[in-house]
Structure formats: C-alpha cells, structure tokens
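Numbers restart at 1 for each chain; the letters A, B, ... are given by sequence-line order, proteins then strands.
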There are 4 protein chains.
Amino acid sequence: MARRGPQGGGAAKRDRILRAAIRIFSQKGYFNSRISEIARLAGVADGTIYLYFKNKDDLLISLFEEKMGEVVSDVRARVAEGGDALSRLRIFIGNHMDLLVREAGLIEVIQVELRQSNKFMKEYVPVKFLEYLDVLGGILDAGKLEGIFRPDLNVTLARRAIFGALDEISLAYVLSRKRKYDPAEAADEIYRIFAVGLRGQAPTMGGKP
Amino acid sequence: MARRGPQGGGAAKRDRILRAAIRIFSQKGYFNSRISEIARLAGVADGTIYLYFKNKDDLLISLFEEKMGEVVSDVRARVAEGGDALSRLRIFIGNHMDLLVREAGLIEVIQVELRQSNKFMKEYVPVKFLEYLDVLGGILDAGKLEGIFRPDLNVTLARRAIFGALDEISLAYVLSRKRKYDPAEAADEIYRIFAVGLRGQAPTMGGKP
Amino acid sequence: MARRGPQGGGAAKRDRILRAAIRIFSQKGYFNSRISEIARLAGVADGTIYLYFKNKDDLLISLFEEKMGEVVSDVRARVAEGGDALSRLRIFIGNHMDLLVREAGLIEVIQVELRQSNKFMKEYVPVKFLEYLDVLGGILDAGKLEGIFRPDLNVTLARRAIFGALDEISLAYVLSRKRKYDPAEAADEIYRIFAVGLRGQAPTMGGKP
Amino acid sequence: MARRGPQGGGAAKRDRILRAAIRIFSQKGYFNSRISEIARLAGVADGTIYLYFKNKDDLLISLFEEKMGEVVSDVRARVAEGGDALSRLRIFIGNHMDLLVREAGLIEVIQVELRQSNKFMKEYVPVKFLEYLDVLGGILDAGKLEGIFRPDLNVTLARRAIFGALDEISLAYVLSRKRKYDPAEAADEIYRIFAVGLRGQAPTMGGKP
DNA sequence: TATGAATGAGACTTCATTCAT
DNA sequence: GATGAATGAAGTCTCATTCAT
C-alpha cells in the first residue's frame with residue numbers, strides 16, 4: 001500500500017500499470033505473465049514498472065491490497081445501507097456476484113492467484129481479504145443477536161462456507177465461456193440456501209446414516 | 001542386480017514419481033517446483049521422469065486425473081452405502097473433510113493448482129473433477145425426487161456452492177498452521193447448514209431490502 | 001576556456017560531485033558505485049552530474065587527474081624543500097604515507113581503480129600519475145649525480161619499485177581494519193631499506209645459487 | 001576450492017572454463033567480461049558454467065585460489081632448493097618475474113582484480129595470496145637468524161615492500177605494449193636493491209632534513 | 001530402461017543516460 | 001542551469017528438456 005516511486009503525475013502512470021497487470025495476470029496467470037507485456041499494455045518502458053513497484057511480486061501484492069481495499073470499502077458502505085442481518089446478507093451476496101461484472105479482471109486474479117500467494121509467498125498476509133471476510137462475519141454475528149440465525153452457529157466456519165460458495169460459483173462463471181447462468185439469479189439462489197440454512201435445525205436422515 | 005519386469009518395476013517407479021510430485025507441488029506450488037527436486041525425492045534421474053510423463057504439465061495433469069479418479073471411485077462407493085439423499089449428503093461432506101487428513105498433499109495440490117490449470121492450460125478439461133461434482137449433483141437430484149430438497153433447487157448452482165464451501169474450509173484448514181477446528185466438526189456444521197438450506201423457503205427480510 | 005560545466009557557482013557544485021565520487025568510489029569501487037548515489041551524496045540531481053562530466057568514466061578520470069594533480073604539485077613543493085637526494089627521498093616517502101591520513105578516500109580510489117582504468121579504459125593515459133613517478137625519478141637521477149646512489153642504478157625500474165612498495169603498504173594499511181602499524185613508522189622502515197639498497201653492491205650468496 | 005559440478009570427465013571442462021575466464025578477465029577486467037564470452041571461448045553453453053561455479057564471483061574466486069594455490073606450491077618447491085636466505089630471495093624474485101612470462105594471463109587477473117575483490121567482496125579472504133606472502137616472510141625471518149639481514153628489520157613491512165615492488169614492476173610490464181625491459185634483468189635489479197637494503201644501516205642525509 | 005551432464009532460450013531486473021519541464 | 005522521471009539495452013542466471021552413453 002506504500003506509495004513508492006514518483007509522486008503526483010506519476011499516480012496516473014502507476015494506475016495504468018496496475019490496470020495492465022490485472023488484465024495480463026487475469027488472462028495468463030502470474031507465472032505466465034511477462035513484465036514486458038504488462039509494460040507494453042500500460043504504454044511504459046519495462047524499467048518504469050520498477051519505479052513504482054519493487055518487483056513482480058510486489059506488483060501482484062499491491063494489486064491485491066489496493067484493489068481489494070477498494071472492494072472492501074465499497075461493500076462496507078453498501079452493507080451499511082441494509083436493515084437486519086438477512087437484508088445485509090442479501091446485499092453482500094448480491095454485491096459479490098455483481099463484482100464479477102463490474103470488476104471482472106480483478107476478481108479473476110484474486111480467485112486464482114490469492115491461493116498461490118497465500119500459500120507460497122512467505123511473509124504475505126492477505127490483510128484486505130481477511131477484512132472482506134470480517135464484513136461477512138459481522139453480518140452473521142449480528143444475525144445471531146437478532147435471533148435470525150441459530151445461536152450455536154459457528155460464525156468462523158459459516159463465513160468461510162458462504163465465501164467459498166460465492167467464490168466457487170464466481171470461478172465457474174469466469175471459467176465457462178458459455179456463461180450458463182446469470183450472476184443476479186445465482187445470487188438469489190445462494191441467498192435462499194444460506195438464509196434458510198443458517199437459521200434452522202438439521203432434519204433427521206433416513207436410511208443407513 | 002536382477003531387473004524387475006518392465007511393467008512391475010516401471011509402474012512402481014511411475015507411482016514414486018507421482019507421489020514425489022504431490023509432495024513437492026503441495027509444498028511449493030507448481031511453478032516453484034523443480035523437476036530435479038521431484039526426481040531427487042522419487043529417487044530417479046531427471047530424465048527418467050520424461051520416460052513416464054510427456055512434460056511437467058503432463059505430470060500435473062496425470063496427477064489430477066489419476067489421483068482424483070481414485071478419490072471419485074472411493075466417494076462413489078461410500079455414498080452408495082448411504083440411504084436417502086440427506087444421509088448421502090452427510091457422507092459426501094464427511095468424506096471430503098476426511099480427505100484433508102487421508103490425502104493431505106493431494107488435496108492441497110488440487111485446491112491450489114486446479115484453478116491455475118483450469119484457466120491457463122490450454123485444452124485441459126478436468127474430467128475427474130467434474131465427475132466428483134456429478135456425484136454431488138446426483139445426490140441433490142435424488143433429494144429433489146425424494147421431496148427432501150425443494151423442487152425448484154438449481155442443482156448446478158447448489159452443487160458448486162456446496163463444493164465451494166467445502167473447498168474453502170479445507171483451504172483455510174490447510175493454510176492455517178494452528179488447525180483451529182476439527183475437520184469432523186466442520187463437516188457437521190456444513191452439513192447442518194446445507195441440509196436445512198437446500199430444503200426450505202427463504203424467510204422475509206426486515207429493514208430496507 | 002577549457003573549463004567544462006557551469007562557471008562560478010557551478011565550480012562549487014562540481015567539486016561537491018567530485019568529493020562525493022571519491023567517497024563512493026572508495027567505499028564500493030567504480031563498478032559497484034551508482035551515479036544516483038553520488039548525486040544524492042553531492043546533493044544534486046542525477047542529471048546534474050552530466051552537466052559537469054561527460055559520463056561516469058569521465059568522472060573517474062577527472063577525479064584522477066585533478067586530485068592527483070594537486071597531490072603532484074604538493075609533493076613537488078615539499079620535495080623542493082629537501083637538501084640532497086636522500087633527504088628528498090625521505091620527504092617523498094614520508095609524504096606518501098602521510099597521504100593515507102590526509103587524503104584517505106582519494107588514495108583508496110587511485111590504488112584500486114587506477115589499475116582497472118589503466119588497463120581497460122581505452123585511450124586513457126594517466127598523465128598525472130606518470131608525473132608523480134617522475135618526481136621520484138628526478139630524485140633518483142639527482143642521487144646518482146650526487147654519488148649517493150650507485151651509478152648503474154636503473155632509475156626506471158627503481159622508481160617503480162619504490163612506488164610499488166609504498167603503494168602495497170598503503171593498500172595493506174587501507175584494507176586492514178586493525179591498522180597494525182603507524183604510517184610514519186612504516187615510512188621510516190621503507191626509507192631505510194631503499195636508502196641503503198639504492199646505494200650499494202649486492203653481497204654474495206651462499207649455498208646453491 | 002570445493003569441487004562443484006560433475007566429476008571425472010567434467011574436470012577437463014571445468015579447467016577449460018577456468019582458462020577461458022583467465023583469458024577474458026585478463027583482457028577486459030572482471031566487470032567488463034561477459035559470462036557468454038567466457039562460455040564461447042571455453043566451448044560450452046552459458047548454463048554449463050553454472051554447473052561448475054556458483055556464479056560469476058565464484059568463478060573469479062576459484063580462479064584466484066586454485067591457480068594461486070599452484071603458484072604457491074611451485075614457488076615453495078623452488079625456494080626450498082635455495083641455500084641461504086639471499087639465494088632464496090633471489091629465487092623468489094626471479095620466479096615472480098618469470099611468472100609474467102609463464103602465466104601471463106593469471107598474473108594480470110590477480111594484479112588487477114585482487115585489489116577490487118580484497119576490498120569489495122564481502123567475506124572473501126585471499127588465503128592463497130597470504131600464503132604467497134608467507135613464503136617471502138619465511139625467507140626474511142631466516143635471513144635475520146642467519147645474520148644476513150639486520151636484526152631490527154620489520155618483516156611484515158618488508159615482505160609487503162618487496163611484493164609491492166615486484167607487483168608494480170610486473171604491472172608496468174603487463175601494461176606497456178612495448179615491453180621496455182626484460183623480466184630477468186628486472187629481477188636482477190630488484191634483487192640488488194633489496195639484498196643490500198635489507199642488510200645495512202641508513203646513511204645520514206645532507207641538507208635540510 | 002535409466003542416467004545426468006549439457007543445453008540455450010528467455011525472464012527479471014538494473015542503471016547510465018536523456019530530455020521535457 | 002537544474003531536475004528526476006523515464007527509458008531500454010543488456011547481463012546474469014534458471015531450469016525444462018534432450019540425448020549420448
């Protein structure tokens with residue numbers, strides 16, 4: 001998040017580089033992306049990238065943190081507009097699926113690369129991602145207090161489950177060329193499942209359990 | 001030294017290479033793994049790997065397909081033991097979380113690399129992964145017929161949602177050194193959420209919707 | 001007329017750059033020194049250096065010639081104060097070792113970089129260095145005329161030998177952190193060796209020659 | 001000195017690389033030499049160099065230590081042939097000047113690069129160079145015991161002085177295209193100076209001291 | 001089959017130098 | 001004159017893959 005490199009007018013150039021990186025990383029993946037390609041797309045010389053970012057890793061991480069930071073701020077504001085926990089959950093889910101359209105490249109990078117980075121970049125903690133999860137956790141906690149979700153709900157697990165569901169569906173959407181379903185409809189279905197699922201008791205099973 | 005037959009000895013060697021690849025890929029990721037390191041761990045020469053696999057990509061894909069194939073066969077057999085859709089869903093979920101313990105390395109590779117590969121390896125269709133999803137889809141379809149899940153449930157989406165939830169929780173488990181929760185307990189919680197969530201109608205929201 | 005760069009106020013800036021270059025070159029060596037680092041230490045912009053010097057090579061050579069020029073003028077004046085060749089040799093040697101203290105950085109640069117430059121910079125002739133050697137050669141020539149040194153002394157070789165001895169001892173002094181010996185004492189010892197050595201006949205050897 | 005890289009047949013290749021490095025380094029200097037150029041001259045691929053040496057630095061240092069090691073062994077054997085300290089000093093000096101002819105490239109590299117490396121390569125101690133100085137120190141110590149050199153001679157300084165004289169004259173020889181003097185004659189002159197200089201008392205100076 | 005030394009294309013990154021302001 | 005952001009050529013080193021043994 002630290003602004004390295006030239007100030008002022010440079011900010012626009014820095015942003016051009018970040019956008020180019022999103023585009024290239026999302027198309028080819030981090031390891032298959034070439035700095036020279038990002039530079040070309042950003043309309044700068046290769047070396048210029050190193051005025052704004054320490055190295056290729058730093059470019060990826062800056063992209064995560066800064067762009068994800070914007071996403072987090074945005075979803076926070078949107079969720080705050082909601083009423084009870086259910087309506088806020090609805091907003092959160094709807095917003096997530098909507099991001100697929102609004103911020104396609106960024107989402108693709110995050111989905112594919114965040115896992116790699118999480119696991120293989122030493123010393124990298126995905127702060128902004130954890131904040132995003134916290135927004136969801138806050139909704140679930142509130143829902144328990146409001147009596148909307150069952151009191152013994154494991155929020156830590158549940159928020160991961162919801163995020164995982166959203167993320168997987170996003171990925172399927174992103175990967176399939178055919179775009180079989182509509183993100184808004186998908187948001188509805190996911191909401192229905194969790195709105196009910198977080199509230200009630202499990203039914204009894206039939207047959208050999 | 002008496003040489004083993006080409007089949008027997010070779011098959012064992014091939015498997016040693018695959019196991020070594022799982023170990024190294026899961027620790028460092030595909031792009032950070034070196035063929036020479038896999039060879040060393042497998043106890044063969046670098047060149048030997050190319051007698052069994054076309055190239056590094058092929059090693060990863062073979063690993064996906066073959067090992068994932070075993071996982072699919074296994075879960076099919078286990079699920080067949082169940083009674084109604086709910087009990088089979090319970091088995092599926094329990095089995096998935098249990099894989100984290102039984103097949104730790106493999107799961108880590110699949111979680112992290114499958115996304116990359118899905119997106120960036122030309123011409124690769126993750127057949128076995130889709131079969132795994134089909135097992136889940138079969139359970140959901142049956143549940144609808146059995147009247148356990150609501151009739152308008154979008155199975156295509158729901159199976160992705162369930163898989164995503166399981167996968168994300170697995171990932172969190174794998175990434176956290178602390179192992180905050182028990183896979184079996186996590187399986188219970190996930191089951192409760194979906195068993196209920198797949199059945200009922202969404203409640204009405206309060207506040208600004 | 002021959003003056004490069006800006007006039008007046010510029011001269012001070014030019015000197016700041018030269019001093020900074022001495023400091024950086026002496027610490028890191030020519031090839032490991034960065035123009036940007038010299039600029040920072042001199043308190044000017046990178047580009048400013050190119051207003052006063054043609055390029056990095058020119059900066060090094062200017063440094064050699066100008067600073068070495070001062071050293072030569074200075075030693076000439078000091079030597080002129082001496083009486084016979086021996087006393088002038090003593091002054092020359094004492095002055096050289098004293099330079100280690102008075103002009104530490106410059107000496108380090110000359111010792112280490114002059115060799116490189118001598119050999120690898122096309123078209124560079126270290127004029128001032130040769131003048132420095134000439135001062136020494138003049139003393140030896142005079143000594144021969146005065147009958148203090150033996151008449152068949154090869155002055156060309158001897159002046160190199162004396163310079164080499166002084167230079168090597170200076171280098172050892174500069175390189176060792178411990179500063180094992182005192183430059184003034186070292187000057188005494190060197191003087192003793194050469195004062196005697198330049199005069200007499202070699203003794204006969206014993207054993208297998 | 002540690003033998004890295006392939007064994008056996010590789011030793012010849014390793015040596016080809018070292019010889020090529022000596023040639024290129026001596027012609028252009030370390031920093032102006034390209035790995036690709038050394039590889040070409042050695043008749044190997046660029047990457048092959050890295051099978052035998054860790055990096056470019058390691059190539060230079062290996063060259064110093066291994067080749068200098070041979071020089072030290074050799075001079076030790078030659079000096080042991082001598083009788084008293086004077087005759088051994090004569091051998092040492094003669095051998096040093098003779099190296100200029102026998103091992104021209106190596107000597108050039110050592111003269112020019114050792115200074116750089118001494119000063120700027122962290123953690124590098126020129127062990128073999130110090131051993132070479134020790135051979136000279138041993139001769140001087142013996143000479144004092146034999147009563148050939150004066151008893152208050154500072155051996156640490158004197159051996160540096162002798163080495164410096166030899167080194168500087170070698171450098172001048174190497175640098176001058178014209179080859180003004182003969183190494184053997186130069187050896188004679190240097191020997192005469194030190195054989196006398198190390199023995200006697202300094203004469204008194206005339207004039208202003 | 002198995003080996004592993006050798007290959008060489010190509011990536012990241014640095015940094016002297018330029019030039020619009 | 002002074003600046004310093006921008007340039008882009010070029011070098012070191014890596015590593016998947018090959019092939020002679």
Peer 1: A:Asp58 has an atom CG; how far is it from atom P of E:dC12, in whole Å?
Peer 2: 15 Å
Peer 1: Would you mind reading off the distance between B:Leu59 atom CG and F:dA16 atom P, rounded to a whole angstrom?
Peer 2: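 One finds 11 Å between P of F:dA16 and CG of B:Leu59, rounded.
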Peer 1: B:Tyr52 side chain N/O closer than 4.0 Å to the phosphate oxygens (OP1, OP2) of E:dT1?
Peer 2: no
Peer 1: Could you state the atom-to-atom distance from CD1 of D:Ile49 to C1' of F:dC15 in whole Å?
Peer 2: 16 Å
Peer 1: Mind listing the residues from residues 24-34 of chain D sitting with a heavy atom below 4.0 Å of DNA chain E? Number order is fine.
Peer 2: none
Peer 1: Reckon B:Thr48 has a side-chain N or O less than 4.0 Å from the OP1 or OP2 of E:dT3?
Peer 2: yes
Peer 1: Rounded to whole Å, how long is the line connecting atom CZ of D:Phe53 with atom C1' of F:dC13?
Peer 2: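 Roughly 15 Å, once rounded to whole Å.
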Peer 1: Measure CZ/B:Arg40 against P/E:dA2 and give the value in whole Å, please.
Peer 2: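 The distance from CZ of B:Arg40 to P of E:dA2 comes to 20 Å, rounded to the nearest Å.
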Peer 1: Under the rule for side-chain hydrogen bond (donor to acceptor under 3.5 Å, both in side chains), what residues qualify as partners of C:Gln27, not counting sequence neighbours?
Peer 2: none
Peer 1: Would you mind reading off the distance between A:Ile38 atom CD1 and E:dT13 atom P, rounded to a whole angstrom?
Peer 2: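 Going from A:Ile38 (CD1) to E:dT13 (P), I get 11 Å.
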Peer 1: Please give, in whole Å, the distance from F:dC13 P to D:Ile17 CD1?
Peer 2: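 So the CD1-P distance, D:Ile17 to F:dC13, works out to 14 Å.
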Peer 1: Can you name the residues that form a side-chain hydrogen bond (donor to acceptor under 3.5 Å, both in side chains) with B:Glu66, not counting sequence neighbours?
Peer 2: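 Listed in chain order: B:Arg14.
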Peer 1: Taking ring pair (Phe, Tyr, Trp, His ring centres under 6.0 Å) as the definition, give me every residue that meets it alongside D:Phe64, ordered by chain and number, with sequence neighbours left out.
Peer 2: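 Once residues adjacent in sequence are excluded, D:Phe64 has no partner under the ring pair (Phe, Tyr, Trp, His ring centres under 6.0 Å) criterion.
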Peer 1: By salt bridge (charged side-chain N to carboxylate O under 4.0 Å, His left out), which residues pair with C:Glu65, not counting sequence neighbours?
Peer 2: none
Peer 1: Closest-nucleotide mapping onto DNA chain F: is A:Gly43 or C:Gly43 further toward the 5' terminus? I mean the 5' end.
Peer 2: C:Gly43
Peer 1: Which pairs, with at least one residue in residues 36-48 of chain D and sequence neighbours excluded, count as a side chain to side chain donor-acceptor pair (under 3.5 Å)?
Peer 2: D:Lys28-D:Glu37
Peer 1: Run the side-chain hydrogen bond (donor to acceptor under 3.5 Å, both in side chains) test against D:Asn55 and tell me which residues pass, sequence neighbours left out.
Peer 2: none
Peer 1: Could you give all pairs that pass the side chain to side chain donor-acceptor pair (under 3.5 Å) test and reach residues 107-117 of chain D, with sequence neighbours left out?
Peer 2: C:Glu113-D:Gln116, C:Gln116-D:Glu113, C:Lys119-D:Glu108, C:Asp167-D:Arg115, D:Gln111-D:Asp167
Peer 1: List in chain and number order the residues that pass ring pair (Phe, Tyr, Trp, His ring centres under 6.0 Å) with D:Tyr50, two or more places apart in sequence or in another chain; answer none if no residue qualifies.
Peer 2: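 In terms of ring pair (Phe, Tyr, Trp, His ring centres under 6.0 Å), with neighbours along the sequence ignored, D:Tyr50 is linked to no residue.
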Peer 1: Which residues pass the side-chain hydrogen bond (donor to acceptor under 3.5 Å, both in side chains) test with B:Arg19, sequence neighbours left out?
Peer 2: B:Asp15
Peer 1: Which class fits the ring pair B:Phe31 and A:Phe31: parallel under 30°, tilted 30 to 60°, perpendicular over 60°?
Peer 2: parallel
Peer 1: My validator wants the stems of DNA chain E: runs of 3 or more consecutive Watson-Crick or G-U pairs, both distances under 3.5 Å, written as range with range.
Peer 2: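 Stem segments, range with range: E:2-21 with F:2-21.
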Peer 1: Closest to the D:Leu51 side chain: E:dT7, E:dT3, F:dG8?
Peer 2: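 That would be E:dT7.
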Peer 1: Any N/O pairs under 3.5 Å between the protein and nucleotides 17-21 of chain F? List them or say none.
Peer 2:
unit_1	atom_1	unit_2	atom_2	d
F:dT17	OP2	B:Tyr50	OH	2.9
F:dT17	OP2	B:Lys56	N	3.1

Peer 1: For A:Lys56 and A:Arg34, indicate whether the former's side chain and the latter's backbone hold a donor-acceptor pair under 3.5 Å.
Peer 2: no
